[in-house]
Amino acid sequence: MDKAASIFLRADIHPDDLRAMAHWLRSRRVTRYLNEDVSAPEQLEQLLFSTPAPLLTCRMNQHGRFFLVCRDWDVPIGFVKLTEQGAGVHEIVFAIGDESLWGLGYGSRAVRAALDTAFLSLRARKLVARIYHGNQRSVNTVLGCGFSLEKRGRGLDAYSISMADYLEMMSAPEQNVRKPSGSLA
C-alpha cells in the first residue's frame with residue numbers, strides 16, 4: 001500500500017475548490033459521518049454564484065477557520081475546520097474527500113498539520129474531535145495523533161488533546177516525535 005505524500009493546509013479558497021467540495025459532499029461514503037446538511041453541495045454551488053471569488057475565503061471562515069488539505073502540487077483532497085467552542089477550546093472536523101486516497105495516511109497528516117495550527121497559531125489550549133460511533137477510521141486517526149478519549153456519548157464520542165500533551169509529544173525523544181509541519185529541523 002502506498003503512503004501519503006506530504007500535504008499542507010491551504011487557507012485561500014477558490015471557485016474550483018468549492019466545486020470539488022460539492023462533488024465530495026455528494027458522496028454518501030464521504031458524508032456518512034459528517035454533520036453536514038444534505039443540501040451542502042447545493043449551498044456551496046450557490047455560494048459560487050452569490051459571492052465574488054476574492055471573498056470566498058472570508059465566507060468559508062465565518063464560523064471558524066477553514067482549510068483545504070492539499071497535496072504538494074496544490075490539489076485539494078479534503079478539508080479541515082477549526083471552530084472555537086469557547087475559553088481556548090477548539091473543535092476539529094476533518095475529511096478526506098477523495099475516496100481513492102483513504103487509508104493512505106492523508107487524514108493523519110491533515111490532523112497533525114491542524115494540531116500545529118491550533119496550538120502554535122491559534123493558541124488553543126485544547127482541541128476536541130467529536131466522532132460518530134462506527135467511524136473507526138477517524139478514531140484511529142485521532143488516537144494516532146495523540147488524542148485521548150474524553151467522553152463517551154450516545155451517538156458520538158469526544159476525543160481531545162491539550163496543548164500540554166501536544167508540547168510533550170513534540171519534545172519526545174527523536175524516534176517517537178514528529179516535528180511541526182513548519183519546522184526546518
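Throughout, numbering of the chain's residues begins at 1 and tracks the sequence.
Gly88 and Glu84 get closest at one heavy-atom pair: N-OE2, 3.6 Å. Pairing each heavy atom of Met163 with each of Ala124, the nearest pair is CE-O, 3.2 Å. Val80 and Ala114 get closest at one heavy-atom pair: CG1-CB, 3.8 Å. Shown here for Arg112 and Gly144, the closest heavy-atom pair between the two residues is NH2-O, 3.3 Å. The two atoms that bring Ala129 and Ile92 nearest to each other are CB-CG2, 3.7 Å, heavy atoms only. Across all non-hydrogen atoms, the minimal contact from His133 to Gly153 is CE1-O, 3.1 Å.
Connection of Val128 to Leu167 is not established within any shared hydrophobic cluster, with ILVMFWY side chains joined at heavy-atom distances below 4.5 Å, either directly or through further cluster members. Connection of Leu47 to Phe66 is established within a shared hydrophobic cluster, with ILVMFWY side chains joined at heavy-atom distances below 4.5 Å, either directly or through further cluster members. Put simply, Val142 and Leu104 are part of the same group of oily side chains (I, L, V, M, F, W, Y) that touch within less than 4.5 Å, one to the next. Phe67 and Leu55 end up in different hydrophobic clusters when Ile, Leu, Val, Met, Phe, Trp and Tyr side chains are linked at under 4.5 Å. No single ILVMFWY cluster, assembled from side-chain heavy atoms under 4.5 Å apart, contains both Leu156 and Leu82.
With no hydrogens or angles considered, a side-chain donor-acceptor pair links Gln43 and Ser39 at under 3.5 Å.
No side-chain heavy atom of Ile13 sits under 4.5 Å from any side-chain heavy atom of Phe79. Here the side chains of Thr31 and Trp24 are not in contact, with every heavy-atom distance at 4.5 Å or above. Counting only heavy atoms from C-beta outward, the side chains of Val69 and Tyr106 never approach each other to under 4.5 Å.
For Tyr132 (side chain) and Asn35 (main-chain N/O), no donor-acceptor pair under 3.5 Å exists by modelled atom type. With His14 contributing its side chain and Ala53 its backbone, the two residues share no donor-acceptor pair below 3.5 Å. Thr51 contributes no side-chain N or O that, together with a main-chain N or O of Leu48, makes up a donor-acceptor pair within less than 3.5 Å.
Atoms CG and CD1, on Leu127 and Ile161 in that order, are 7.5 Å from each other to the nearest 0.5 Å. Interatomic distance, CG of Asp12 versus CG of Asp17, reported as 9.0 Å (0.5 Å rounding). A distance of 7.5 Å separates OG1 of Thr141 from CD1 of Ile131, quoted to the nearest 0.5 Å. Taking NE2 of His90 as the reference point, atom CZ of Arg125 lies at 11.0 Å (rounded to 0.5 Å). For the atom pair Leu25 CG and Leu34 CG, the distance stands at 7.0 Å (nearest 0.5 Å). Ser138 OG to Asp157 CG: the interatomic distance, rounded to the nearest 0.5 Å, is 12.0 Å.
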Stepwise side-chain contact (heavy atoms from CB on, under 4.5 Å) check, Trp102 with Arg29: CA-CA 11 Å; Trp102 288 2; Arg29 290 185 62 200; 3.4 Å; yes
Working for side-chain contact (heavy atoms from CB on, under 4.5 Å), residues Met21 and Leu68: CA-CA 9 Å; Met21 287 187 296; Leu68 288 165; 3.9 Å; yes
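More than 12 non-hydrogen atoms from other residues, nucleotides or ligands lie less than 6.0 angstrom from CD of Glu150. Heavy-atom contacts from other residues, nucleotides or ligands closer than 6.0 Å to NE2 of His23 number 12 or fewer.
A salt bridge between Glu45 and Arg26 is present, with a side-chain N of the basic residue lying under 4.0 Å from a carboxylate O of the acidic one.
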